[in-house]
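Numbers here simply count residues along the sequence, with the first being 1.
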Amino acid sequence: MTENKDKILKDKIMKRTIKDSVFTNLFQDKKYLLQLYKALHPEDIGVTENDLSNITIKNILTDSIYNDLGFAVGNKYIIMVECQSTWTMNIIIRVLMYLVQSWIDYFERTNQNLYKSKSVNMPVPELYVIYTGERTAKPSQISLSKEFFGGKKCCIEVKVKMIYDGKKGNIINQYVTFTKVCNEQMALHGRTREAILETIRICKNKNVLKEYLENREREVVDIMMTLYDEEEIMRSYVRSEVQEAVQEAVQEAVQEAVQETQQDERMDTAREMIKDNEPIEKIMKYSRLSRETILKLQEQEEMQSV
């Protein structure tokens with residue numbers, strides 16, 4: 001029964017970050033990667049697919065860092081692009097970590113020694129975030145010093161350019177449109193196969209990522225259907241943990257109430273036996289109270305009788 005439920009869950013639940021996964025898959029193709037670069041650098045008309053190298057950090061180990069997209073343009077640029085539907089300034093730190101790792105990989109690939117006196121050659125870094133969420137304030141740039149140190153100058157600065165829509169019709173604009181259509185269909189159909197197919201159909205009709213969706217429709221559907229909704233799983237886990245915590249708290253409260261009732265009954269028994277001048281050992285036996293507690297009760301009784 002549990003296996004059947006798991007299968008239904010796998011078949012019907014669509015990962016909230018599927019758009020980001022499609023983003024990564026889309027730009028693995030140099031044809032679309034070149035379009036992305038030209039959207040960022042329209043002045044560079046001479047660049048070709050051969051000039052581009054995908055240097056996205058792969059998540060080989062479960063605890064290793066990995067990013068959405070990183071690519072080098074010859075020896076001119078190292079470009080990091082992250083896609084975010086949730087607003088967080090921590091992306092600045094994460095992108096910095098991706099850049100440092102990409103630099104390390106670059107120096108190893110080019111056999112450059114950082115310990116030599118001669119300066120190493122390195123591409124100019126460019127950091128971007130494509131934000132597809134809903135937010136009123138949309139700064140064109142976010143920076144490490146401003147967001148984490150109140151604008152105070154420090155020994156290191158990181159500036160990330162924010163992109164919200166792109167130029168009408170370019171690959172960024174098409175991708176953002178895809179995410180909006182996807183959100184609309186998920187609102188109508190939930191995270192289901194129907195929502196995926198409707199998203200693809202509508203986007204193809206609107207000439208949004210049409211070629212990519214036509215050529216890789218089955219792959220896109222697989223991506224969007226087989227990746228689990230980690231956020232939903234986490235919510236389920238949290239709900240389960242909360243429920244268990246509540247049950248434990250209730251059980252503890254009941255136990256404490258029972259213990260208090262039992263203690264009150266023992267105290268009443270001890271008081272009655274004290275009034276009857278019973279020996280302290282007998283009182284201890286029947287009330288199951290300590291000698292110290294009984295002596296205190298005796299003192300209280302004597303004070304009340306004075």
Side-chain angles (χ1 to χ4, degrees), residues 19-20 23-58 65-110 112 114 119-133 135 138-149 151 153-176 179:
K19 300 182 293 296
D20 300 338
F23 174 87
T24 301
N25 182 265
L26 172 66
F27 293 113
Q28 285 178 351
D29 189 324
K30 281 194 175 182
K31 177 194 301 183
Y32 304 113
L33 186 61
L34 179 60
Q35 292 181 35
L36 174 61
Y37 173 68
K38 287 188 174 181
L40 300 174
H41 282 274
E43 79 287 350
D44 195 351
I45 59 176
V47 69
T48 67
E49 291 180 18
N50 292 332
D51 296 317
L52 306 180
S53 302
N54 191 316
I55 57 171
T56 303
I57 302 167
K58 304 298 182 182
I65 64 171
Y66 60 101
N67 59 332
D68 288 340
L69 177 64
F71 64 99
V73 185
N75 292 318
K76 291 192 299 184
Y77 300 109
I78 280 183
I79 298 177
M80 304 280 111
V81 186
E82 293 298 300
C83 181
Q84 297 284 300
S85 59
T86 302
W87 187 269
T88 171
M89 288 302 175
N90 293 331
I91 190 64
I92 302 172
I93 300 172
R94 282 163 38 205
V95 172
L96 174 60
M97 293 170 63
Y98 305 149
L99 175 60
V100 170
Q101 183 59 54
S102 298
W103 268 336
I104 292 171
D105 295 342
Y106 175 80
F107 293 135
E108 289 180 354
R109 285 197 311 272
T110 56
Q112 297 191 70
L114 295 176
S119 298
V120 295
N121 295 315
M122 56 193 300
V124 175
E126 291 188 353
L127 310 177
Y128 298 90
V129 167
I130 298 176
Y131 176 71
T132 61
R135 195 172 192 268
K138 294 182 176 180
S140 60
Q141 179 178 274
I142 54 178
S143 73
L144 185 71
S145 62
K146 180 180 178 181
E147 301 302 334
F148 290 90
F149 307 118
K153 290 184 178 180
C154 58
C155 62
I156 188 170
E157 176 62 295
V158 181
K159 296 180 180 180
V160 180
K161 185 175 181 180
M162 300 299 301
I163 301 174
Y164 302 99
D165 196 18
K167 188 176 180 180
K168 185 173 178 59
N170 71 13
I171 194 70
I172 297 175
N173 178 257
Q174 290 184 57
Y175 172 74
V176 173
T179 68

Going from [atom1] on [X] to [atom2] on [Y], what distance comes out if it is rounded to the nearest 0.5 angstrom?
| X | Y | atom1 | atom2 | result |
| --- | --- | --- | --- | --- |
| S102 | I79 | OG | CD1 | 11.5 Å |
| L144 | I92 | CG | CD1 | 6.0 Å |
| L33 | D51 | CG | CG | 11.0 Å |
| M97 | I93 | CE | CD1 | 9.0 Å |
| C83 | Y131 | SG | OH | 11.0 Å |
| I78 | L127 | CD1 | CG | 10.0 Å |

Item to complete: Check the pair V160, I91 against side chain to side chain contact (heavy atoms under 4.5 Å, CB included), reporting the backbone distance first and the verdict last.
Response: CA-CA 9 Å; V160 180; I91 190 64; 5.6 Å; no
Examine distances only and state if a side-chain atom of [X] and a backbone atom of [Y] form a donor-acceptor pair shorter than 3.5 Å.
| X | Y | answer |
| --- | --- | --- |
| Q174 | G169 | yes |
| E82 | D68 | yes |
| N54 | Q28 | no |

Discussion item. Does T56 form a side chain to side chain contact (heavy atoms under 4.5 Å, CB included) with N67? I'd like the steps, not just the answer.
Written reply: CA-CA 6 Å; T56 303; N67 59 332; 3.4 Å; yes
Item to complete: Please check if any side-chain donor atom of Y106 sits under 3.5 Å from a side-chain acceptor atom of N75, or the reverse.
Response: yes
Does the side chain of [Y] come within less than 4.5 Å of [X]'s, by heavy atoms?
| X | Y | result |
| --- | --- | --- |
| V95 | V158 | no |
| F27 | V81 | no |
| D105 | I55 | no |
| Y77 | L52 | no |
| L69 | T24 | no |

Worksheet entry | Partner set under side-chain contact (heavy atoms from CB on, under 4.5 Å) for N50, not counting sequence neighbours | T48
Item to complete: Could you check I172 against I163 for side chain to side chain contact (heavy atoms under 4.5 Å, CB included), going step by step and ending with a plain yes or no?
Response: CA-CA 9 Å; I172 297 175; I163 301 174; 3.8 Å; yes
Practice prompt. Check whether more than 12 heavy atoms from other residues, nucleotides or ligands sit under 6.0 Å from atom NZ of K30, and answer yes or no.
Written response: yes
For a quick test of your reading: what N or O donor-acceptor pairs under 3.5 Å do the side chains of residues 36-46 make, sequence neighbours left out?
residue: Y37; atom: OH; partner: D44; partner atom: OD2; Å: 2.6
residue: H41; atom: ND1; partner: E43; partner atom: OE2; Å: 2.7
residue: H41; atom: NE2; partner: E126; partner atom: OE1; Å: 2.8
residue: H41; atom: NE2; partner: E126; partner atom: OE2; Å: 2.9
residue: D44; atom: OD2; partner: K76; partner atom: NZ; Å: 2.6

For [X] and [Y], which heavy atoms make the closest approach, and how far apart are they?
| X | Y | answer |
| --- | --- | --- |
| M80 | G70 | CE-CA, 3.7 Å |
| P123 | W103 | O-NE1, 4.1 Å |
| N173 | N170 | N-OD1, 2.8 Å |

Worksheet, complete the sentence: The complete set of salt bridge (charged side-chain N to carboxylate O under 4.0 Å, His left out) pairs with one or both residues in residues 153-168, sequence neighbours excluded, reads none
Worksheet entry | Criterion side chain to side chain contact (heavy atoms under 4.5 Å, CB included) against T132, the qualifying member of Y164, Y175, F23 | Y175
Discussion item. Test side chain to side chain contact (heavy atoms under 4.5 Å, CB included) on T110 and N121; report intermediate values, then the result.
Written reply: CA-CA 9 Å; T110 56; N121 295 315; over 6 Å; no
